[in-house]
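Comments concern the structure below.
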Amino acid sequence: MTVLVAYASALGSTRDIAHHIADRLAAGLDGVECRSVEEVESVSAYDAVVVGSAVHNQSWLPAAGQFFARHAPELAKRPVWAFNVGMADALPKPFRKRGAGLQQARLAGALPQDVSLRGHRMFSGVYNADQMSPALRFLFRLAGGRFGDFRDWAAIDAWADDIAAQLAKPASPTSSGNTAT
């Protein structure tokens, strides 16, 4: 079983999560590789693919969208999972759940329809004060926004373990392989 974990990262948080997922998958599966979406020329050598992107302005990074568009015919032939890394947990408390829901819905609609995902998860990343102007930083804090590392490693581990378990099971002859997690 060869698995590609591909990622588009702007500031490193998504890259770190992708490498963590790859390491977790490699504990139980052989042939796991982790690479930037920009480094991937073909996905045909992989049995399964996990793709992640940072979210900026409620959208995946352009490189992640281009990866899906470029490789859609091959991705449609294998199990694919996707994850995105945003700032939902950094938002002021009254907006966290609503912001996460809106972001998830918008991103799910942006993924290519010809690639069926086995699962699509949203994780929070690292949000540092130096990522915004002083004026915006002041307003963000005033509204109750928070800065810090919001990655939930236990949730990431659980998701990676679920993927590994699905890949370790032989596919049934009637299974389409398109169950959501």
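What you see below is based on every heavy atom in this structure, not just the backbone, and it leaves out hydrogens, waters and symmetry mates. This is a predicted model, so every value here is computed, not measured.
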Single-linkage hydrophobic cluster, 4.5 Å side-chain cutoff, [X] and [Y] together:
X: F123; Y: L61; value: no
X: F147; Y: F150; value: yes
X: V50; Y: M1; value: yes
X: V85; Y: V126; value: no

Is it true that a side-chain atom of [X] and a backbone atom of [Y] form a donor plus acceptor pair closer than 3.5 Å?
X: S13; Y: G125; result: no
X: R137; Y: A129; result: yes
X: N128; Y: D130; result: no

Contacts of type side chain to side chain contact (heavy atoms under 4.5 Å, CB included), residue A45, not counting sequence neighbours
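Side chain to side chain contact (heavy atoms under 4.5 Å, CB included) list for A45, sorted by chain: empty.
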Pairwise distance [atom1]([X]) to [atom2]([Y]) - rounded to 0.5 angstrom:
X: R121; Y: I17; atom1: CZ; atom2: CD1; result: 11.0 Å
X: W81; Y: L25; atom1: CH2; atom2: CG; result: 8.5 Å
X: I156; Y: R24; atom1: CD1; atom2: CZ; result: 10.5 Å
X: D161; Y: I21; atom1: CG; atom2: CD1; result: 10.5 Å
X: W60; Y: Q66; atom1: CH2; atom2: CD; result: 13.0 Å
X: T14; Y: F83; atom1: OG1; atom2: CZ; result: 6.5 Å

Can you find a heavy atom in the side chain of M122 that is under 4.5 Å from one in the side chain of V55?
no
D23 meets the side chain to side chain donor-acceptor pair (under 3.5 Å) criterion, sequence neighbours left out, with none
Could I get the full list of ring pair (Phe, Tyr, Trp, His ring centres under 6.0 Å) partners for Y7, not counting sequence neighbours?
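By the ring pair (Phe, Tyr, Trp, His ring centres under 6.0 Å) rule, Y7 matches H19.
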Please tabulate, one pair per line, all N/O donor-acceptor pairs under 3.5 Å involving side-chain atoms of residues 67-75, not counting sequence neighbours.
residue: E74; atom: OE1; partner: R78; partner atom: NH1; Å: 3.1
residue: E74; atom: OE2; partner: K77; partner atom: NZ; Å: 3.2

Work out which heavy atom in [X] is nearest to a heavy atom in [Y]; give both atom names and the distance.
X: V40; Y: A6; result: CG2-CB, 4.5 Å
X: A82; Y: L117; result: CB-CD1, 3.9 Å
X: A63; Y: E38; result: CB-OE2, 3.6 Å
X: H56; Y: A10; result: CE1-CB, 3.4 Å

Considering residues, nucleotides and ligands other than D30, do more than 12 of their heavy atoms fall under 6.0 Å from its CG?
no
Only pairs at least two apart or in different chains count here, so list each side chain to side chain donor-acceptor pair (under 3.5 Å) that has a residue in residues 40-55.
T2-D47, E33-Y46, R35-Y46, S42-S44
According to the ring pair (Phe, Tyr, Trp, His ring centres under 6.0 Å) rule, which pairs have a member within residues 20-45, sequence neighbours left out?
H20-W153
